[in-house]
Trainee: 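There's a structure below that I have some questions on.
Just follow the structure's listing: the first ligand is 1, and inside any ligand the first atom is 1. Atoms considered below: every heavy atom in the structure, side chains included; atoms not considered: hydrogens, waters and symmetry mates.
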Amino acid sequence: MTMLNCNGRPLDLSVPVVMGILNVTPDSFSDGGRYIDLDTATAAARRMAEDGAAIIDIGGESTRPGAEPVSAQEEMDRVLPVIEALREQLELPLSIDTSKPEVMTEAVRAGAGMINDVNALRAPGAVEAASALSVPVCLMHMQGEPRTMQQAPRYTDVVAEVKAFLRQRIRQCEAAGIPRQHILVDPGFGFGKTLEHNLALLRGLSGFCDLGAGVLVGLSRKSMLGMLTGREAHERLAASIAAAVLAVERGAVVVRVHDVAETADALAVVNALTGNQL
Ligand code: 7PJ
């Protein structure tokens with residue numbers, strides 16, 4: 001699984017890498033409203049590429065707790081122009097953060113090379129669409145749906161349950177023709193989880209490596225870090241770096257972050273010690 005083919009663009013996962021977050025939504029919780037026009041969005045993405053991102057994840061629907069859903073058309077209007085522009089401007093692979101099969105299809109046509117789905121391809125037609133597109137996919141665990149998921153998250157054994165869910169989704173994807181080497185998995189920090197659930201998942205993250213798929217994590221600026229530090233989203237850089245380093249030490253190969261330069265520096269130190277490249 002070390003080298004992924006993302007719609008013609010290679011993604012080398014022999015060493016843990018940074019995925020930069022590009023939100024193209026008016027309501028994203030930490031940088032909402034900043035990437036409103038095409039030039040601003042593409043400039044932010046170019047900056048992330050310069051800062052060491054290996055891939056950029058482009059999302060047009062907010063999935064933060066309490067967020068309302070948007071239509072496929074609205075999502076496409078937000079993300080497609082950005083993907084088309086960035087495909088020309090950058091050489092690195094682009095990822096589309098969506099749960100809707102029609103958005104997946106149009107985004108990959110526009111140049112996206114990975115599908116990142118917080119719903120793990122559970123929407124009707126999503127597995128089939130992803131399989132037909134022949135790009136790598138990230139399957140994330142979520143309990144409930146964004147609007148209500150933080151109301152009363154409940155598990156008996158969160159690590160075992162999330163792992164069983166991901167194992168089942170991998171099986172479904174393989175049955176639909178998506179090769180195991182094209183699958184990444186993500187425990188979904190903050191998606192229908194209390195602080196204790198999130199900590200248990202981070203503590204037990206290495207257990208996810210034996211699912212036979214690369215592990216991706218999104219911990220950047222999340223509210224669990226706010227609960228631990230008492231800080232607002234824009235003040236969570238140090239906490240986010242600590243979380244990214246701990247995740248990589250426990251086997252994560254992709255870390256999805258807002259602060260690309262700082263995380264890339266932290267991973268350069270981690271990677272030097274883990275011997276992957278020495
Ligand atoms: C995640 C995501 C995550 C993956 C978001 C935020 C909320 N995709 N999309 N994993 N989180 N794969 O960035 O805080 O954790 S949206």
Trainee: Could you check whether the rings of His141 and Tyr155 sit parallel, tilted or perpendicular, using 30° and 60° as the cut-offs?
Mentor: tilted
Trainee: Where the side chain of Arg78 meets the backbone of Gly60, is there a donor-acceptor pair that is under 3.5 Å apart?
Mentor: yes
Trainee: Numbering the atoms of ligand 1 from 1, which are under 4.0 Å from a heavy atom of Asp97?
Mentor: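 Those of ligand 1 that fall under 4.0 Å from Asp97 are 9 (N).
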Trainee: Within a distance under 4.0 Å of any heavy atom of Lys222, pick out the atoms of ligand 1 and give their elements.
Mentor: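 Under 4.0 Å from Lys222, ligand 1 has these atoms: 1 (C), 3 (C), 6 (C), 11 (N), 14 (O), 15 (O).
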Trainee: Give the atoms of ligand 1, by number and element, whose distance to some non-hydrogen atom of Leu216 is under 4.0 Å.
Mentor: 12 (N)
Trainee: Counting each atom of ligand 1 from 1 as listed, which ones have a heavy atom of Asn116 under 4.0 Å away?
Mentor: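 Near Asn116, meaning under 4.0 Å from one of its heavy atoms, ligand 1 has 4 (C), 8 (N), 12 (N).
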Trainee: Within ligand 1, which atoms have a heavy atom of Asp186 less than 4.0 Å away?
Mentor: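 Near Asp186, the atoms of ligand 1 are 3 (C), 4 (C), 10 (N), 12 (N), 15 (O).
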Trainee: Which atoms of ligand 1 have any heavy atom of Val118 under 4.0 Å away?
Mentor: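 Near Val118, the atoms of ligand 1 are 2 (C), 8 (N), 9 (N).
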Trainee: Is Arg221 touching ligand 1 with its side chain, its backbone, both, or neither, if touching means heavy atoms under 4.0 Å apart?
Mentor: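 Answer for Arg221: neither.
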Trainee: Is it true that Glu102 and Lys100 have a side-chain N and a carboxylate O under 4.0 angstrom from each other?
Mentor: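 Salt bridge between Glu102 and Lys100, a charged N being under 4.0 Å from a carboxylate O: no.
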Trainee: Numbering the atoms of ligand 1 from 1, which are under 4.0 Å from a heavy atom of Thr63?
Mentor: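 The atoms of ligand 1 under 4.0 Å from a heavy atom of Thr63 are 16 (S).
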Trainee: Can you tell me if Arg46 has over 12 outside heavy atoms packed within less than 6.0 Å of its CZ?
Mentor: yes
Trainee: Spell out, yes or no, whether Val18 and Val217 are grouped together once hydrophobic residues are joined by side-chain heavy atoms under 4.5 Å, including indirect joins.
Mentor: yes
Trainee: For Leu219, is there any backbone N or O sitting under 3.5 Å from a side-chain donor or acceptor partner on Arg256?
Mentor: no
